[in-house]
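So the structure is just underneath, and the comments pick up after that.
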Amino acid sequence: MPAEEPPRADDTSLPDIPLGVPTAARMYDEALGGKDHFQVDRDANARLYKIIGEDRVRSTALENRRFLGRAVRHLAHECGIRQFLDVGSGLPSARNTHQIAQEVDPAAKVVYVDIDPIVAAHGKALLSRDGTRIVTADMREPETILDDPQVRELIDFSRPVAVLFVAVFHFVTPAEDPARIVAAFRGRQAPGSYVTISHLTSDGVPPEDIAGWEAGFAGATSPIVFRTEKEIQALFDGYEMVEPGLVRPHTWHPDDDGAPRTTSLFGGVGRLPAR
Ligand SMILES: C[S@@+](CC[C@H](N)C(=O)[O-])C[C@H]1O[C@@H](n2cnc3c(N)ncnc32)[C@H](O)[C@@H]1O
């Protein structure tokens, strides 16, 4: 049977999709060279490229995406993880978490969660497999994710699970308390579980560039928040860092995946020890 065609982003019959406002999911998709974005997203990125430089923005997005791939592979291959909760998963791209995890073990379970309904609209067609689900939810309300029937159906929290927050906490403001969000997930995780976080950093970034990113996202559904390495490290509280710790993502278990080298981000993986 031929695979069902995913809906196009231009399909205005899709429900609840903010069409007139740029969204992080669609801007990121554009920066990665994807096809699932609207004119408003392309315009927002064009403004960002003008201020920050197109190569810099695209390299940052790709460095992050490659880190996600290596982290999932490491978790599945080296750490034996078979359950993944990918929070702020973004639009399906070339190599998604379920494809990488299920290459290692076809029985691996993956639940994608994203606030943007276009992710589920595209994902439902692409992820029509037994071991994958896609949920539209807001990580700032972690209990709605942790208690979601689709999440509970696939993820057994009495066994180790990797929670991924890759390039998503920079859409959570200090007032929304990122530490509270991680703690809610950590509180449900079994010992031997993992967390993976990457985040835009203000360390070593000229203030005018930060202002440029902020201006680029000013009209989008979420503002963008930069954090220092120390603030990002604090999000791993309660976890033991997997070697090499919190680093520039292109240096985390590098391979020949062509990850660009930028100084825009930090990323790492933490393991929840026995309580
Ligand atoms: C830059 S993309 C990252 C996608 C993917 N994690 C990756 O690293 O390749 C950020 C994603 O986080 C989602 N997002 C932003 N705020 C969110 C929230 N409060 N809850 C859930 N998802 C959110 C956006 O819709 C977007 O798809």
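The first residue in the sequence is number 1, and the count goes up from there. Atoms within a ligand are numbered from 1 in the order they appear, just like the ligands themselves.
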Next on the checklist: Please check if the number of heavy atoms outside Arg261 that lie under 6.0 Å from its CZ is greater than 12.
Outcome noted: no
Checklist entry - Which protein residues have a heavy atom closer than 4.0 Å to any atom of ligand 1, listed by chain and number? => result Ala25, Tyr28, Asn64, Arg65, Leu68, Gly88, Ser89, Gly90, Asp114, Ile115, Asp116, Ala137, Asp138, Met139, Arg140, Val166, Ala167, Val168, Phe171
Next on the checklist: Does this structure show an ion pair linking Arg152 with Asp147, if we count only N-O contacts that are shorter than 4.0 Å?
Outcome noted: yes
Item to check | Face-on cation placement of Arg133 at Tyr112 ring, 6.0 Å and 45° thresholds | outcome: no
Next on the checklist: Give me each pair satisfying side-chain hydrogen bond (donor to acceptor under 3.5 Å, both in side chains) with a member in residues 72-83, each pair once, sequence neighbours excluded.
Outcome noted: Arg82-Asp105
Next on the checklist: Show every side-chain hydrogen bond (donor to acceptor under 3.5 Å, both in side chains) that has at least one partner inside residues 209-219, sequence neighbours left out.
Outcome noted: Arg56-Asp209
Checklist entry - Which pairs count as ring pair (Phe, Tyr, Trp, His ring centres under 6.0 Å) when at least one residue sits in residues 188-211, sequence neighbours excluded? => result His170-His199
